[in-house]
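Here's the structure we're looking at; comments come further down.
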Amino acid sequence: MSPMSPEEVEKRIKKLRKDLEQHNYNYYSLSQPTISDFEFDMMMEDLQALEKKYPQFFDPNSPTQRVGSDISQEFKQVVHQYPMLSLSNSYSSQEVTDFMQRVEKFSGEQPDYVCELKLDGTSISLTYRDGELLRAVTRGDGEKGDDVTANVRTIRSIPLKLHGDFPASFEIRGEIVMPFAVFDALNEERIEQGEAPFANPRNAASGTLKMQNSSVVASRKLDAYFYYILGENLPEDGHFELLQHAARWGFQISPHTGKCKDIDEVLNYLSVWDKKREELPFATDGVVIKVNSKRVQEELGFTAKSPRWAIAYKFKAERVSTRLLNVTFQVGRTGAVTPVANLEPVQLGGTVVKRASLHNADIIQGLDLHANDLVFVEKGGEIIPKIVGVDTTQRNASGSAISFITHCPECGTALVREEGEAAFYCPNEDECPPLIKGKIEHFISRKAMDIDGLGSETIDLLFQQGLIRNVADLYDLKKEQLILLDRMGEKSADRILDGLKNSASVPFERVLFALGIRYVGETVAKKLAKGLKTIDALMIADITTLVAVDEIGIKIAESIVDWFSKEKHLELIARLKTFNLKFETENVVKEGSTDKLKGMSIVVSGTFSTFSRDELKADIELHGGKNASSISAKTSYLIAGENIGPSKLEKATQLKIPIITEEEYRQLTN
Ligand code: IVH
C-alpha cells in the first residue's frame with residue numbers, strides 16, 4: 001500500500017474520531033451500541049497509532065484523550081461565570097409541602113415541578129463552545145473552583161463533542177459519581193496495597209477528580225449525570241424539556257427524573273424512591289425538587305446561598321442496632337491488616353448484615369469498641385455497612401475493650417505501623433502465606449506480566465502443593481506438575497506454560513511493576529524505567545540518584561533501596577534474568593523526533609497561522625523541549641503569535657527572554 005498523503009491522513013484521523021464519537025454516543029446516550037467492544041478498541045488503536053505518528057493533527061477533544069496522561073498538572077483556579085450555589089435541605093414531607101406553598105405564594109401561579117434523584121458524588125460545571133468541551137471546573141468554594149478539564153476528559157460518558165442542535169455557548173452542571181461496583185473494587189485494591197480505603201463513593205469520586213495524574217483518573221471509571229443547564233438563548237423554558245434536549249446532544253441526564261403537577265405527585269415520587277434507590281448502581285442521598293419553568297425560576301430568584309425555586313429532600317440513612325460478636329483481622333496482599341466486625345445478623349436496607357468493615361485501628365479506638373457492645377450500624381452511601389456508634393448505656397461489664405492485634409494472625413510476626421500511615425502491616429513479605437500468594441497474583445496480573453491461564457485459584461493450589469514460594473518458581477513449573485492439579489487439563493497447562501514463555505516480551509516497566517516493590521505502582525515503574533533504563537542501574541541507585549528521577553520522592557526511594565538491600569531479592573532477580581525477562585528499557589523513538597530543543601523550556605502565547613496552539617506544543621515536545629505555561633528566568637524562548645497577551649510580552653522583555661515568531665521557531669527545529 002502506498003503511504004497516505006498528509007491530507008489523506010488528516011481525513012482518516014477525522015473520520016475515525018467522528019466514528020468513535022458516534023459509537024460512544026450510541027453506547028452512552030442511546031444505549032444501542034452498533035459495534036462490539038473489540039471493534040471499538042481496534043478503531044481506537046488505529047487512531048492512537050495515527051495520532052502518534054502525525055502529532056500535527058493533535059486535538060485535545062479526540063476520543064484518544066480519554067486515556068489521560070501521566071503528566072502531572074497543577075489545577076488552575078477559575079472563577080465561575082454563575083456561582084455554584086447549594087440547596088436548602090428538608091427532612092420531612094411537611095417541609096416539602098411548605099416549600100411548594102411558598103413557591104406558589106411568591107409566584108402567584110401553580111407551576112409544574114421536576115423531581116430528580118440527588119446523586120451523592122461531586123459536582124462539576126462544564127462549559128461548551130461550538131459543540132466542544134472547553135472547560136470543566138469543580139464547585140470549589142462556589143465562587144471559584146479548580147480547572148480539572150484533563151481529568152474530566154477521561155470520563156467516557158461525558159461528550160467531548162456534541163450532537164444535533166446545541167446552543168453555541170452554554171454551561172451544564174451535574175454530578176460526577178463513582179458507581180458502587182467501581183468503588184468496592186477500588187477499595188479492595190487499596191486495602192490490598194496497604195492504602196487507606198475511601199470512606200464512601202463521594203469521597204472516592206472527589207478524590208479521584210483532584211488527582212494530578214489523569215491516566216489514573218481514566219482507570220478509575222467515573223461516571224457523570226447532568227441536571228442543570230445555564231446560558232443565554234436556550235431552546236426551551238422548561239427545565240425538564242431542556243434536559244431531554246441535553247440527552248440528544250449526548251449527555252447522560254439525571255436518571256429517573258419525573259415531572260409532577262402537585263404535592264401528591266411529588267410526595268409519591270419521594271416515597272417510591274426512598275425504597276427503590278437501593279436498586280440503583282450509585283449512591284443517592286435524597287431528591288431534588290425544582291420548579292420546571294425557567295421563567296418562574298427567574299421570578300423567584302435566589303437567597304444568598306441557594307435558589308428559592310428548588311429544595312433538597314434528604315433520605316433518612318437507615319440505621320439499626322445489633323450486637324458486636326467479635327473483631328477478626330484479615331491480612332491483605334501487601335500485609336496490610338484490616339479489622340472486620342462480625343455482627344449478630346440483622347436486617348438493613350433489604351439485606352442481612354453480618355459483617356462491617358472497621359477500616360483501621362484509629363476507627364476502633366475512635367468508637368471505643370468493647371466486645372458484646374450494642375452497636376449502631378448504618379448503610380449510608382456505601383454498600384458495605386459501617387458501625388457509626390456504640391450504645392454505651394447497654395454495655396455489659398463482661399466485654400473488654402477491643403484492641404488491635406500486635407502479631408500477624410497468619411504467621412505470628414510482630415506487626416508494624418509506619419509514621420503517618422493508618423494501617424498496620426505484617427512485614428514478613430517473603431514468608432507469610434497471604435503475602436507470598438498476593439505477590440505472585442500481582443506478578444501475573446493483567447497490568448503486570450499478564451500471564452494467560454493463571455488465576456488466583458491455581459496459585460492457591462500450586463502454593464498448597466509446595467510448588468511455588470516466589471515468582472521465579474513459576475518459570476520452573478513443568479507440565480507434569482500442572483496436570484496433576486485439580487481441574488487442570490492438558491490444554492490449560494499448555495496455556496499457562498505458553499503464557500509464561502511469552503512473558504519474556506513484557507516491557508521492563510511492567511516487569512518492574514510486577515515485582516511488587518512497595519510504592520512502585522504502574523506510574524512510578526514507568527518513571528523509573530525511563531529514568532534509570534536498567535535493573536542493574538536501579539539495583540545500585542542510592543537515595544540521591546532515585547529522587548533525581550522525575551516524580552520519585554523520598555518515601556518511594558527508601559522503599560526501593562530497602563528492597564534491593566535484601567540478598568533474597570537479588571537472588572530472585574538473578575533467577576528471573578535466566579528466564580530472559582526484560583530488565584532493560586527499549587528505546588522507542590517517535591517518528592520525526594529530535595533533541596534540537598533538549599533542555600529548553602518554552603512558552604507559547606497567541607494564535608498561529610501554520611499551527612494550532614496544541615499542535616505547536618506537541619511539536620515542541622517532539623523536538624525534546626518542555627512546554628511551560630508562565631514565563632520565568634528559566635524560560636528559553638517565548639513564541640509569540642497574533643494577539644499575544646501583553647503581560648507575557650512585558651514579563652519576557654523584563655527578564656530578557658528571547659521572543660521569537662512562528663517562522664523563527666520553524667528555523668530552530670528544521
Ligand atoms: S441542582 C442551584 N440537582 O447537590 C442548585 N443538585 O446541595 C443546583 N446534587 O452542589 C443544584 N443531585 O452537587 C441539583 N439532581 C440534582 C442534584 C444536585 C445532586 C448536588 C449538587 C449540589 C448539591 C446541592
Does NZ or CZ of R190 lie under 6.0 Å from the centre of the six-membered ring of F198, at an angle within 45° of the ring axis? yes
More than 12 foreign heavy atoms under 6.0 Å from NZ of K634: is that the case here? no
Would R666 and T610 count as a side chain to side chain donor-acceptor pair (under 3.5 Å) here? Give the steps. CA-CA 10 Å; R666 291 257 187 213; T610 61; 3.0 Å; yes
Quick check: closest heavy atoms across L477 and L497, and the distance to 0.1 Å? O-CD2, 3.7 Å
Show the nearest heavy-atom pair for residues I155 and D223, with the distance to one decimal. CG2-CA, 4.1 Å
Exam field: side chain N151 to backbone M211, donor-acceptor pair closer than 3.5 Å: yes
Is the F579 ring parallel, tilted or perpendicular to the Y475 ring (thresholds 30°, 60°)? parallel
Any Lys/Arg nitrogen of E584 or K533 sitting under 4.0 Å from an Asp/Glu carboxylate oxygen of the other? no
Given side chain to side chain donor-acceptor pair (under 3.5 Å), test T534 with D536 step by step and report yes or no. CA-CA 5 Å; T534 69; D536 296 334; 5.1 Å; no
Counting only N and O atoms by type, is there a donor-acceptor contact under 3.5 Å from the side chain of T208 to the main-chain atoms of A204? yes
Just by modelled atom types, is the A150 backbone N or O under 3.5 Å from a matching donor or acceptor in the T154 side chain? no
Check the orientation of H569 and W563. Use parallel for under 30°, tilted for 30 to 60°, and perpendicular for over 60°. parallel
For T64 and E51, does a side-chain donor sit closer than 3.5 Å to a side-chain acceptor? yes
Is there side-chain contact between E615 and F608, with at least one heavy-atom pair below 4.5 Å? no
Side-chain (R156) to main-chain (Y28) donor-acceptor, under 3.5 angstrom: no
Under a 3.5 Å threshold, yes or no: a donor from one side chain and an acceptor from the other, between D614 and S612? no
Would you indicate whether the side-chain heavy atoms of I440 and N470 approach each other to under 4.5 Å? no
Please tell me if the side chains of L532 and L546 come closer than 4.5 Å, counting only heavy atoms from C-beta onward. yes
Given salt bridge (charged side-chain N to carboxylate O under 4.0 Å, His left out), test D430 with K568 step by step and report yes or no. CA-CA 9 Å; D430 300 306; K568 55 192 165 204; 3.3 Å; yes
Heavy atoms, side chains only, cut-off 4.5 Å: are V177 and P201 in contact? no
Quiz item: cation-pi between K555 and Y519, 6.0 Å / 45°: yes
Ignoring hydrogens and geometry beyond distance, is a side-chain donor-acceptor pair present between T545 and D542 at under 3.5 Å? yes
Can we say E10 and K15 salt-bridge, meaning some charged N sits less than 4.0 Å from an Asp/Glu carboxylate O? no
Within-4.5 Å side-chain heavy-atom neighbours: D595 and H623: no
So, do V148 and V137 sit near enough that their side-chain heavy atoms are less than 4.5 Å apart? no
With a cut-off of 6.0 Å (strictly less than), are more than 12 heavy atoms of other residues, nucleotides or ligands near CD of Q481? yes
Test your reading of the model: is there a side-chain donor-acceptor pair from S559 to the backbone of R518, 3.5 Å cut-off? yes
Lys/Arg-Asp/Glu bridge criterion (N-O < 4.0 Å) met for E490, K479: yes
Side chains of S157 and Q252 only: does a donor on one sit below 3.5 Å from an acceptor on the other? yes
Quick one: are N26 and N24 in side-chain contact, heavy atoms under 4.5 Å? no
Counting only heavy atoms not in K577, do more than 12 sit closer than 6.0 Å to its NZ atom? yes
Please identify which of these residues, K161, Q65, K14, meets the side-chain hydrogen bond (donor to acceptor under 3.5 Å, both in side chains) condition with D59. K161
Return yes if some donor-acceptor pair links the side-chain N/O of K478 with the main-chain N/O of D476 below 3.5 Å, else return no. yes
Checking S215 against N213: is there a side-chain donor and acceptor pair closer than 3.5 Å? yes
Does the side chain of R12 come within less than 4.5 Å of L50's, by heavy atoms? yes
